[in-house]
Amino acid sequence: MEKHTFKRSERLKSKKIIGEIFSNGKVIGAHPIKLFWIEVKDSSAIDQPILQFAFTVSKKKFKKAVDRNRIKRLMRESVRLQKHELIQMDEINKSRFAFMFLYIGEELPEYQNVEQKIKKCIDQFKITI
RNA sequence: AAAACAGGCUGCUCUAUCGUCUUUAUAGCUUUAUGGCUAUGGGGAAGGAAAGUCCGGGCAGCACAUGGCAGCUCGCCUCCUAACGGGAGGAUCACGACAUUUAAUUGGCGGGAUAGAAAGUGUAACAGAAAAUUGUCCUGAGUGUAUCAGGAGUGAAAAAAGCUGAUGGUAACAUUAGUGAUCUACAAACCUCGGGUGCUGAAAGGUCAAAUAAGUUCCGGUGUAAGGUUAGCCAGACCGUUCGGAAUGGGUGGACUGAUACAACUUGCCAGUGAUGGUAAGUGCAGAUAAAUGAUAGGGAAUUACAGAACCCGGCUUAUAGGUCUGUUUUUAUU
RNA sequence: ACUCUGUUCGUCUAAUGGUUUGAGGACGUCUGCCUUUCUAGCAGAAAAAAAGGGUUCGAUUCCCUUACAGAGUA
């Protein structure tokens, strides 16, 4: 059976790449979630995993830290359960990708809703590649 | 027993599967080694407010941060505390709702205020004769003036605060006797007196590796003029100029440390009205770094409130579903 | 994580440093006049101290707490 793990090294940490995602990355929208992604061509970190993810929620829309944590946890959980679909694809394995999930909604979501929207994002990503 | 008010305590739980951070044991891979990665098993994983950042302290750097002024801040008394603007117990004053009384009053409760107005300056609308060196009208004392006593009216306020002694109390102060004729209020107006206070803030600071110019730092000699120093002013301190030697290296992105064992927590006993202190036994209880607690399914009364550690403590303030305890008042029932 | 400002009609703002404050002005809104009608013009009206507590005879102003908005430090 497939293991749905989500290790620390799979999280996107580099400030450089995050900056590049917002300036040059491509966008897939599935309201209330936006996905920024980019193909990473930096060959210096070849031992890194092929996929890296980050999650973010605006402090202006959600003032309470509890709400922001909740949304990030929900998005992280649904990505954890769905990212194996991406790993199985052949095109993905040829290079490395970085993803940034951004929640732009106004209200606290349910888990099922988040799961559907993330799925939509990933399907769109598969098509574009 | 119910309701209202006030205060204290608590702050959902269990099972299964998958997943995150940390610690530890074993095995494998890697490394000169410390260590790192992976797998499996065990232990631990947000709060009463983690919040607001309103105070106090530890810790660190800046001249091993020294004195005065300015500025800021606090201000009844005694005590608690590492410290505080916090807390406990008391004193005085007016206020609030409640009870009581025909009424004046009295009673406990509640939150608040209280250094100095006899050091000086300032302000006190309207009304009123007069708002602080003021004296209207009426009555009485007085021959009369001056003065004294009582009353009227205006207004928030219209003339007894102080001093000396005695008694009680550690004290604030209370009671009482005498003396006393230039005396109100406001200091959350300026101010005076007394106490405290240097500034900055873990994104502080320290160590390591990669890379390298201007430069920077250190040591020794020389030198004390301008000027400079995370510093508002004065003093004091240090730096400086030049020569020689040594070390380091801007930006960028990292790792380790700071960093989780202490004013710690739990229980018992003792002292105290109490805050709190002493003592004995036991416990080890988050430590992340783009930042860890979630998802699914099912139960237990049941869509659980407010809400997420970021260097650490002591308070204050604010938010809060449900449960629970104590006190006061009212109503009802029983004795 | 830390530091600091501000909040006055629908909008932008003023003065008051405690006593005729009935809170002023501009733009906007409404009503009337004018005009064949609209605009412009003239006349008039409505409309505000973030919330709560304290000091005071009296608070928009002084003090405290809370809420909201904004700025700065990497």
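The shown structure was predicted, so the numbers you read here are calculated from the model rather than taken from an experiment. Order of the sequence lines fixes the chain letters, A, B, ..., with proteins taken first and strands second; residue numbering starts at 1 for each chain.
Comparing B:C238 with B:A225, their P atoms sit 14 Å apart, to the nearest whole Å. Taking the C1' atom of each, B:U114 and C:G54 are spaced 15 Å apart, rounded to whole Å. On the C1' atoms, B:C59 is 45 Å away from B:C14, given to the nearest whole Å. The same atom, P, is picked in B:U283 and in B:A290; the two are 38 Å apart, to the nearest Å.
Using a 4.0 Å heavy-atom cutoff across all strands shown, A:Q112 reaches sugar-phosphate atoms only and no base atom.
Checking B:G322 for Watson-Crick or G-U wobble geometry (two distances, each under 3.5 Å) identifies B:U10 as its partner. Base pairing of B:C109: its partner is B:G96, meeting the Watson-Crick or G-U wobble criterion (both donor-acceptor distances under 3.5 Å).
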Considering only nitrogen or oxygen atoms on both sides, find all protein atoms under 3.5 Å from nucleotides 305-311 of chain B and state each distance.
residue : atom : partner : partner atom : Å
B:A307  : OP2  : A:K64   : NZ           : 2.9
B:G308  : OP2  : A:A65   : N            : 3.3
B:G308  : OP2  : A:V66   : N            : 3.4
B:G308  : N7   : A:N69   : ND2          : 3.2
B:G308  : O6   : A:R73   : NH1          : 2.9

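Note on A:R80: every side-chain N or O is 4.0 Å or more away from OP1 and OP2 of B:U296.
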| According to the Watson-Crick and G-U wobble definition with distances under 3.5 Å, which dot-bracket string, read 5' to 3', encodes RNA chain C, using [ ] for crossing pairs and | for pairs with another strand? | (((((((..((((..........)))).(((((.......)))))....(((((.......)))))))))))).
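For the salt bridge (Lys or Arg N to Asp or Glu O under 4.0 Å) test, residues two or more places apart in sequence or in another chain that qualify with A:E77 are A:R80. Looking at residues two or more places apart in sequence or on another chain, you find no side-chain contact (heavy atoms from CB on, under 4.5 Å) involving A:V66. When the side-chain contact (heavy atoms from CB on, under 4.5 Å) test is applied to A:R68, the partners found at least two apart in sequence or on another chain are A:V57, A:K59, A:F62, A:A65. Under the salt bridge (Lys or Arg N to Asp or Glu O under 4.0 Å) criterion, A:K72 pairs with no residue, sequence neighbours left out.
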